[in-house]
Amino acid sequence: MSAILSADDLNDFISPGVACIKPVETLPAAKPINSSNEYEVSFNTEAPPADLPPAQISLTDCLACSGCVTSAEAVLVSMQSHAEVLQELDSGPSLRLSGNKAGTGISIENLDSGGRIYVASVSPQSRASIAATFGVSEREAGNMIEHLLSGPKGIKNRAVYRNSFQWVVDTNIAREACLVLGADEVMTSILSGGDKENGVENGVAKKQPSKPILTSSCPGWICYAEKTHPHVLPHLSRLKSPQALMGTLLKTTLSRKLGISPDRIWHVAIMPCFDKKLEASREELTDAVWEGNGTRGVRDVDCVITSKELLMLADSRRVDFAKLPRTPLSARTPFPDAKLDAFLFPQHRRRKNNIPASGTSGGNLYYILQYFASQHQGATVQTTRGRNADVLEYTVTSEAGETLFKAARYYGFRNIQNLVRRLKPVKASRMPGGKPVGSARRPGGKQSGPDFAYVEVMACPGGCTNGGGQIKVDDPVITGREAGAVKPGPQEQKEWLSQVDEAYFSGEDSGEEALSLDNHNDVVDGVSPSYIMSTLAHWAAATGIDLDRLVYTSYREVVSDVGKKAGDTERVIEIAGKIGGGW
Amino acid sequence: RAWVSIPNPNGLPLIATATSDKTVRVYSLRNFTLHSMLEGGHSRSVRSVAWQPAVKNTGTLCLATGSFDATMGIWRRREERFADNEDSDNDDDWEFAIVLEGHDSEVKNVAYSPSGQWLASCSRDKSIWIWEEIGDEGDDEFETVAVLQEHTADVKCVSWRKDDGNGEILASGSYDDTIRFFKGDDEGEWSCISTLEGHAGTVWSLDWEPEVSQKQIPRLLSSSADCTIRVWSKTWECTATLPTAHDLPIYSVSWGKKTGRVVSTGGDGKIVIYEERTKGRTSVGGAIEREWVIVGVLAGGHGPYEINHVTWCTRFDSGKTADGEEMIVTTGDDGVVRAWAL
């Protein structure tokens with residue numbers, strides 16, 4: 001699992017004979033296993049395959065596959081980097097927008113120049129990482145990032161075309177929508193009695209996930225589930241992650257309102273981990289889904305860079321990040337839709353970020369608990385710690401003491417193991433002679449499913465602030481020394497993480513006046529569901545695309561026939577393994 | 001081919017052998033006949049087997065198996081009381097109770113901690129998993145406690161050290177030439193507390209010193225593909241290297257409980273026995289020095305075949321001369337398990 005992937009981990013032992021399975025899929029005709037691939041081990045005695053077309057593997061294929069060893073994955077992930085961002089920015093003049101202050105009638109001056117519009121979205125965990133690194137507040141970090149990406153002293157300076165990002169948005173905004181829709185999904189599942197799968201509505205398979213519903217915003221978790229535990233796929237929340245939702249929002253709105261195709265919009269997301277790069281390459285998150293023209297489309301998020309890579313971006317342009325202004329940018333072109341402009345760039349921060357109980361990964365579970373409790377007068381929420389710090393169980397109890405709702409948080413690989421094991425369907429006994437003892441896996445009649453309605457699953461222990469792409473405690477930017485001179489122990493790493501968490505939770509109070517601006521008074525945990533739903537409806541109407549296609553996604557089992565199942569491949573591995581020993 | 005033979009640590013006269021025919025055979029040590037077989041649970045070679053330490057007198061035998069099919073199995077059997085009981089019901093057979101999945105590739109070694117609380121497994125996927133059985137008796141639920149990924153290559157072996165008040169420590173040896181120690185804290189967080197470097201080849205086998213006096217910390221013995229056996233102690237340095245006797249990788253070492261002797265075997269098919277002797281002082285008032293000497297070598301114990309495993313084993317057969325006498329059991333590529341007496 002590449003949850004803590006970094007460019008240092010490129011020393012995987014690649015066993016001979018492990019061949020790429022992807023070309024097999026793209027070949028038009030019959031498929032003998034491992035036919036046309038340049039990585040295959042071939043013995044001199046075999047006739048070389050005749051006249052086969054060269055296998056083509058795209059970035060998307062490789063990243064999501066489990067066929068061969070992960071060194072290739074690591075190399076390809078590193079291709080989505082700050083260097084690529086700069087290369088793109090320097091490829092030609094960007095599209096220039098002009099328009100009036102009211103936000104209507106924005107048009108593009110140089111449509112035929114072949115250029116693009118650049119937009120960026122920034123995650124709160126990246127802001128927290130930068131805030132802790134430079135000793136500023138999270139809000140100031142956000143402003144500094146905006147200056148870097150859009151401001152005159154940022155990457156625009158000294159750039160060949162003076163290109164910069166037109167809009168820099170906060171993924172927290174998209175996250176609010178995800179929270180509301182997520183609570184909705186859970187409520188529907190409870191009301192419909194739990195296990196209803198695959199309901200079809202209006203011809204679109206509106207697959208309601210089955211209980212317990214599992215968070216789907218962590219790509220490390222999703223890739224792992226798709227490859228190794230496809231039996232949990234029916235439980236995954238159908239919602240897109242905040243990154244994906246923001247991507248869809250930006251691309252659909254801008255392309256429709258400015259009259260350009262989505263490939264003229266280049267969207268960069270700044271995230272705390274490398275797995276988000278895998279998410280950006282998913283086929284399910286392209287315009288093929290919402291345009292519906294069935295081709296392999298343009299991605300909703302074109303490039304993801306990590307918090308650390310953002311600093312490397314600044315370095316490459318010789319911008320001293322620490323010296324960037326900490327106040328917001330003075331001028332900004334309004335977004336071409338007034339309602340969405342207000343949504344994306346609120347005057348005041350609506351939702352307070354300062355509740356540690358919500359965790360550092362978006363607080364999906366916390367919101368759902370609060371929402372559920374708000375629907376039942378006098379209900380309370382109890383928390384129990386599980387086997388370790390990354391497992392927490394929550395119970396919502398009614399005033400009368402009755403258990404209304406159970407949920408849990410499972411962070412980290414080892415805890416995910418325990419969760420998927422309990423969700424695994426029972427298999428028939430493998431004992432010869434059919435002993436009536438029952439299944440090889442527990443249980444027979446006793447479904448030991450822990451009875452949760454919702455589980456927040458994240459791959460990284462400690463949540464997203466501990467992501468693989470965050471700035472590490474031994475980074476020279478922090479220590480001011482040569483990298484590697486200081487070897488951080490687990491204690492130092494723990495302390496650093498708590499500093500980043502502190503920055504994450506220090507979001508300034510927006511104040512009560514902001515809420516009344518919107519005239520909605522059904523606020524739960526700082527978010528008003530009715531405001532969100534009306535904004536979403538507006539978005540769907542403005543772009544003319546069905547809301548379901550905009551906000552929901554799907555998952556697929558990744559099947560690999562390498563290594564595990566018997567066949568030619570396995571025999572090759574066994575033979576190769578015997579020569580030269582190693583068992 | 002046969003991989004390992006593990007004697008029952010709870011005093012029962014049984015030994016379990018894991019083989020490449022996907023089964024485990026349990027033999028009686030009284031008369032060296034087949035006692036029972038564990039079959040049908042794995043789809044590839046069983047590489048490792050471990051007896052669960054009998055903490056409670058439940059009357060159940062329990063074995064953990066680790067296989068090349070990347071899974072581990074937990075097998076149970078009602079213990080006969082060794083009165084020749086003709087009533088051979090289905091109760092006598094081994095029940096394949098649980099499958100533990102999670103490793104990405106071949107499981108190389110499994111080991112229960114001396115207290116029976118943890119089960120460790122290591123694999124070619126470079127990770128070590130620690131499992132704990134939870135719930136009530138007979139619930140058959142295991143949970144993953146930790147997944148340790150510090151090694152940079154195939155992990156060949158794991159070995160637990162008895163709790164000396166500081167908790168049970170797990171040692172592991174790997175294709176990356178290092179040995180690592182892992183320990184869990186009160187919060188359930190396991191981490192690597194030490195890395196021992198020094199071997200110039202894969203560390204194939206580890207064994208802790210079996211009997212130590214109260215104040216001492218047991219030393220660790222390791223054998224490697226660099227044809228040396230090392231002793232590690234104090235704050236974990238290599239404090240001794242046994243005299244070289246092998247010219248091919250040493251696959252297995254065992255430290256005898258009764259005699260304190262060490263036996264080793266490997267790719268060259270030799271069985272070598274070493275003893276630690278005091279050498280006397282080299283200087284007035286200096287520390288007593290000790291050295292290891294070879295006391296016996298047997299070549300071709302399994303003919304030309306490699307010997308994969310060796311262990312000291314208490315004798316229960318009629319030929320024994322004293323109580324607790326130990327013999328040597330070797331397991332070879334020829335699929336044969338042999339017992340040797342000195």
Does B/Lys270 NZ have over 12 foreign heavy atoms under 6.0 Å away? yes
Show the nearest heavy-atom pair for residues B/Ile134 and A/Arg387, with the distance to one decimal. CG2-NH2, 3.5 Å
Would you compute the distance between atom CD of B/Glu101 and atom NE2 of A/His229 and round it to the nearest 0.5 angstrom? 8.0 Å
My understanding is that only residues two or more places apart in sequence, or in another chain, count here; which of them pass side chain to side chain contact (heavy atoms under 4.5 Å, CB included) with B/Cys157? B/Asn109, B/Leu206
If you count heavy atoms of other groups shown closer than 6.0 angstrom to OH of B/Tyr305, is the number above 12? no
To the nearest 0.5 Å, how far apart are CG in A/Asn418 and CD in B/Glu141? 9.0 Å
Any chance you could measure A/Arg414, atom CZ, to B/Trp190, atom CH2, to the nearest 0.5 Å? 11.0 Å
Shortest non-hydrogen separation from A/Arg421 to B/Glu143 and the atoms involved: NH1-CA, 3.9 Å
Answer yes or no: is there a donor N or O on one side and an acceptor on the other, between the side chain of A/Asn388 and the main chain of B/Glu187, under 3.5 Å? no
Got a sec, which residues hit side chain to side chain contact (heavy atoms under 4.5 Å, CB included) with A/Leu497, two or more places apart in sequence or on another chain? A/Thr465, A/Asn466, A/Asp501
Side chain, backbone, both or neither: which part of B/Phe142 has a non-hydrogen atom closer than 4.5 Å to chain A? backbone
B/Lys183 NZ: over 12 foreign heavy atoms closer than 6.0 Å: yes
